[in-house]
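In each ligand, atom 1 is the first atom listed, and ligand 1 is the first ligand listed. Note that these values count all heavy atoms, side chains included, but never hydrogens, waters or copies made by symmetry. Residue numbers run from 1 in the order of the sequence given.
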Amino acid sequence: MPTSEAARFPGRLAIRFPVVDPATGEAFDEAPDQQPDELDAVVDRAHRAWPGWRADPAARTAALRMAAGAVEAAGDDLARLLTREQGKPLAESYAEVARTAARLRYFADLAPRTRRIVDGRPVSSEVRWRSLGPVAAIVPWNFPLQLAAAKFAPALAAGNTVVLKPSPFTPLATRLLDSVLATALPEDVLTVVTGREPLGARLASHPGIRHVTFTGSVSTGRTVAEAAAASLSRVTLELGGNDAAVLLDDVDVDRIVDRLFWAAFRNCGQVCMAVKRVYAPAGLHAEVVEALAQRAKTVTVGAGLDPDARLGPVNNAPQLARIEQVTQQALADGARAAAGGHRLDGPGYFFAPTILTDVPPGAPVVTGEQFGPVLPVLPYRSLDEAVDAANGTGFGLGGSVWGTDLDRAEAVAERLECGTAWVNHHAELSLAQPFAGVKDSGVGVAGGPWGLYGNLRPFVVHRPQEA
Ligand code: NAD
């Protein structure tokens, strides 16, 4: 019989903070505001659950598969709550729930490989893999469920236990997910804690944590790395991006414009690896701006629960203010809005889908991460100039090259300084591939077997071949 939440977290339910529906700007529920001093008991329980969980790989596989089924069975409730607190259209929430279940199922069946070292010496040397212990997973508000699963599914599959902290902007769907997963996982193998800062900071520096896996902004990532240094725990950081899409002079604009638009605007542009800058050849620039602006002007913006909405609100008030600020600064510096450029009237955090042209190359909307429904389109004269500009920020998450000659496009994609480069696509990821940013976009590798090994340590057994 699982211990009740009240017994596991005495005092936890008493202090609460409001959770806002971004479609209305009004609080619609609350979540427990756990205090940092509660983490000692949480991490201690995660430690005590670890030996049982790591001991039996077959039981882990069965439990994770069952967890995937439980997530699918709760899909309606999870998706609706996710849309309510995050803002994304319901269809995108369903897709996120499906990806959450898919991650559990993928890692359930993945096991590390023991390797024998063969180097000519008369010894037997074997590399086996061991789990690390309690893992802290800290995630942002843009994809609360699937980013959490990207962390806890490989960590649990590797035999670790996990303490998961969602963003205070989106704690509710993760709490529901916690109760859904509790039907499949042993107690204390996964614990969700919710609360405002300094809860995350304290979790990242907790001496009982052996691996901090963080997804969020570059600046918080630096703080997390410093905090984790106190206990020398392993750190994986999946940070911000400022992905460029480079269009080549043989691109078929009509053919790619829809894909390009959604690569920038899905989830209201709040995607780490969204297209955040477009570079178009000077001769095609006006056509590209016009084609993207047409999409931006005709897309239906509305509350995520409205079945007609293709674009929802921005998730939270500070993010909306940031988007408004970088847009206004660009406009003040000489940019022109070919579409949008302003907040939408009425309640909620809605911003008109915006295409910017004539943007000064040094504008913050180009050099920084806007993380919203605003896209600058910049002209270039030579391919070298475009590649230099694409590589010219501190970020290095993804990038893409678009053209008709695929070999030529791939050769340009090879020159992008990032973790993933696409041709005629952007932000398409397989569960089986590695996902890693370079420069300020991250440290460590997630995804596929690499994500599993990121949650394991090698353990070598060395013995002579004869006594
Ligand atoms: P954020 O850095 O503000 O917050 C991320 C998480 O860290 C939240 O849970 C937050 O509560 C917590 N946090 C805040 N301060 C902390 C501290 N001092 N110590 C520990 N934890 C702390 O990011 P955000 O605004 O929630 O998310 C947007 C950012 O996330 C964007 O930069 C986006 O690109 C990035 N992101 C990256 C990826 C990726 O895979 N590379 C994926 C999604 C989002």
Quiz item: Does NZ or CZ of Arg54 come closer than 6.0 Å to the centre of the six-membered ring of Trp50, within 45° of the ring's axis?
Solution: yes
Quiz item: Does the pair Glu85/Arg175 count as a salt bridge with the N-to-O cut at 4.0 Å?
Solution: no
Exercise. State which residues pass salt bridge (charged side-chain N to carboxylate O under 4.0 Å, His left out) with Glu26; sequence neighbours excluded, sorted by chain then number.
Key: none
Quiz item: Looking at side-chain heavy atoms only, is the closest gap between Val20 and Asn316 below 4.5 Å?
Solution: no
Quiz prompt | Arg84 NZ/CZ over Phe28 ring centroid, <6.0 Å and within 45° of normal | solution = yes
Self-check item: Beyond-backbone contact of Pro364 with Gln329, side-chain heavy atoms, under 4.5 angstrom
Solution: yes
Practice problem: Write out the protein residues near ligand 1, meaning a non-hydrogen atom under 4.0 Å from one of its atoms, in order of chain and number. | Solution: Ile138, Val139, Pro140, Trp141, Asn142, Leu147, Lys165, Pro166, Ser167, Pro168, Glu197, Gly200, Ala201, Phe214, Thr215, Gly216, Ser217, Thr220, Thr223, Val224, Glu238, Leu239, Gly240, Gly241, Cys272, Glu369, Phe371, Leu397, Phe435
